[in-house]
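Shown next, in structure tokens, is the structure this report addresses.
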2 protein chains.
Amino acid sequence: MQHQKLATIEDVAALAGVSIATVSRAINEPTKVADETRRKVTEAIARTGYTTNAMARSLRMRRSNMILILAPDVGDPNFSNILVGLETEASKRGYGVLIGNTQNDPARETDYLRFISSNQADGLILFTGHLPYGFGQDGTEGRLPPMVAVNEPVPNAEVPFVGVDNFEGARIATEHLISQGHRRIAFVGRSSAREVNRLREEGYRRALAGAGIAIDPRMIIDGDGTTESGRAAAELMFVRDALPTAFFCVNDATALGVIISLNARHYDLPRQFSIMGFDDISFSSFVTPSLTTMKQPRHRIGEAAMELLLELLAGEKPHEQQVLLRAELIVRNSVTRVG
Amino acid sequence: MQHQKLATIEDVAALAGVSIATVSRAINEPTKVADETRRKVTEAIARTGYTTNAMARSLRMRRSNMILILAPDVGDPNFSNILVGLETEASKRGYGVLIGNTQNDPARETDYLRFISSNQADGLILFTGHLPYGFGQDGTEGRLPPMVAVNEPVPNAEVPFVGVDNFEGARIATEHLISQGHRRIAFVGRSSAREVNRLREEGYRRALAGAGIAIDPRMIIDGDGTTESGRAAAELMFVRDALPTAFFCVNDATALGVIISLNARHYDLPRQFSIMGFDDISFSSFVTPSLTTMKQPRHRIGEAAMELLLELLAGEKPHEQQVLLRAELIVRNSVTRVG
DNA sequence: ACCATTCATGAAAACCTTTACATCATCACA
DNA sequence: TGTGATGATGTAAAGGTTTTCATGAATGGT
């Protein structure tokens, strides 16, 4: 019932009648060992059921083949979808994936660093948008481990970033609305503090400018990206009595808020108003009307980020400080032709 | 820029003017060392920035303080919500959490076992509903590591299980429908092969029996728990022309299918039909009408499972082979009073 | 027939801890 | 003063690898 003692490399060596060095080589550098010897070793391994003790190996090699993933909210679907890509790529390359849920708690962020400083993880994937608390500030400066930011870039730090091209995506989204005949297009979710919101607004502006449409400041509404902020924004437009024919929302959560507000006022969607989101989160296809939106290539973001991190670990200089992947237009029912 | 050599226990010992054994004790069994010595050691640790090398420690102690979580789909929201609970509890007890995405691929399942056999993980949390491929079959029999199943029990194996009480939850759900005056209640999602479906059907039957309502076999429709199966089931009922006043669906995905079908037929929900789900997945509050359902206590399931696993690891015999937590009735708009 | 390579293997060091055991001082008690 | 117990510390082994260096055999070229 209990964990019996496992076979070690010595057991294998004894059974195969060679030294442990040879066994090690037969496993890790098969070409460096004679065919006949290799055969004997392989058989001995099979007979003993030997597996290399990863602890001993890591201790000796000074690397664990583990990657620590630090995220503020592990339950967030955005996180978990990127995680799939991260895990797939890591596993393909023989790496394991360790997860840390920080809940934006500085204490927990610091705590998780022990995995790095104790050699339990070789590299770091950051979802948090900032360096873990306890890093870059004191003398530990130069000791930053290899890391890659995902989802949100890390400002004021030289951390490579992999994410979606928000500017380009927002431009495509807005152009789609324009191509459907819309001229009065609102942007819901302005927030100068948030990089993501800023970039998406920028793409929106570029698309309008490109189509020769003047920008009406009343069409740009503040919002922090929550559903509630979307609801409030729509209400505000009714109060102001400055109505668009289409809402481009900074994200799907915001779009949902707008839809809730419009439904509550008994408008017939999408006939009377078109709504465009961004992200393609899971409920977007279920809401009525189902949401036309820009899909983030989450799986690929994860893969690309892990790929980049592993390059860094291998000592290669990264080709670029930033990898931006294109979002994909998903046409559903919330946007219709107008005019 | 590069990872400089880290301080070891010897550096600390030298600086504090004691032996490495004393340093180790000062860290792990502080009471066994004199106050003054402990002070010197603590200071030396601070000065050197020493952290114990987890690899060396694990090698010596024959345990890694890591738990491997094996799941068929890491992207599944059901998984990630339970994961939060697992991670929280593990981290609280000083354990790290390693995740493995198997995609139900036998090769990947086997592959992940190396974490166990190579001592990189001390225990296992199983989301898969079966032993990892490559276990229990050959001679490796008795060597099963400590593990706990979650989400789905493992049939024919003595693996402790933590999950929701499906029977009880289904009973409560059905009783809620009955309390709203419904007598003709359909059960959508019968499947004798699936344990979950079987238990929920059982709870449904018990509730009807308890209320003295005869069971009409035409009210029980097959389904595998997918949205499509829910849609098909509803259509089937129209073909058969045997209509209920309420649908109790084996899960929310199925309920969504039923809603889609009824909406397509332009019924006015929930006035003409009530719909009850089970699980409370994320979109349930967004669909129209928003879904009345049974909420799985996912966070607590995770915590309880990890708690149980850590007890097992500590060598304690588990009090029970199965921990069932109660689902909570979430009242939204898809169920109304009738008659 | 001799020398220089090349190739296959082995011995032993190093990676960094924890801990069993030994040592030594101190103290209480008779 | 002598004895036994107690408490603090040190020495050294053990945990299982990888890898450097050394050794010896075989090979190839002259």
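In what follows, chains are A, B, ... by sequence order, proteins preceding strands, each numbered from 1. Note that the coordinates shown come from a computational prediction; the quantities given were computed from them, not determined experimentally.
Remark: B:P153 engages B:F161, B:E195 in a side chain to side chain contact (heavy atoms under 4.5 Å, CB included) (not counting sequence neighbours). By the side chain to side chain donor-acceptor pair (under 3.5 Å) test, A:S64 pairs with A:D122, sequence neighbours left out. Applying the side chain to side chain contact (heavy atoms under 4.5 Å, CB included) test to A:S282 and every residue at least two apart in sequence or in another chain returns B:S282. With sequence neighbours excluded, the residues forming a side chain to side chain donor-acceptor pair (under 3.5 Å) with B:R38 are B:D35, listed by chain and number. Taking B:E36 as the reference, B:R39 meet the side chain to side chain donor-acceptor pair (under 3.5 Å) condition, with sequence neighbours excluded. Legend: residues meeting side chain to side chain donor-acceptor pair (under 3.5 Å) with A:E10, ordered by chain and number and at least two apart, are absent.
Applying the salt bridge (Lys or Arg N to Asp or Glu O under 4.0 Å) definition to pairs two or more places apart or across chains, those involving residues 97-109 of chain A are A:R108-B:E87. Residue pairs meeting the side chain to side chain donor-acceptor pair (under 3.5 Å) criterion with at least one member in residues 148-161 of chain A, sequence neighbours excluded: A:N78-A:N151.
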> How does protein contact run along nucleotides 6-12 of chain D, one letter per nucleotide 5' to 3', with B for base contact, S for sugar-phosphate only, - for none, heavy atoms under 4.0 Å?
Replying inline: --SBBB-

Please set out all donor-acceptor pairs under 3.5 angstrom arising from side-chain atoms of residues 17-27 of chain A, sequence neighbours excluded.
residue	atom	partner	partner atom	Å
A:S19	OG	A:A21	N	3.3
A:S19	OG	A:T22	N	3.4
A:S19	OG	A:T22	OG1	3.3
A:S24	OG	A:N28	ND2	3.4

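Within the helix from C:dA1-D:dT30 to C:dA30-D:dT1, the inter-axis angle between the opening and closing five-pair segments is 40°, rounded to 10°.
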Sub-3.5 Å pairs of nitrogen or oxygen atoms, protein against nucleotides 25-27 of chain D:
none

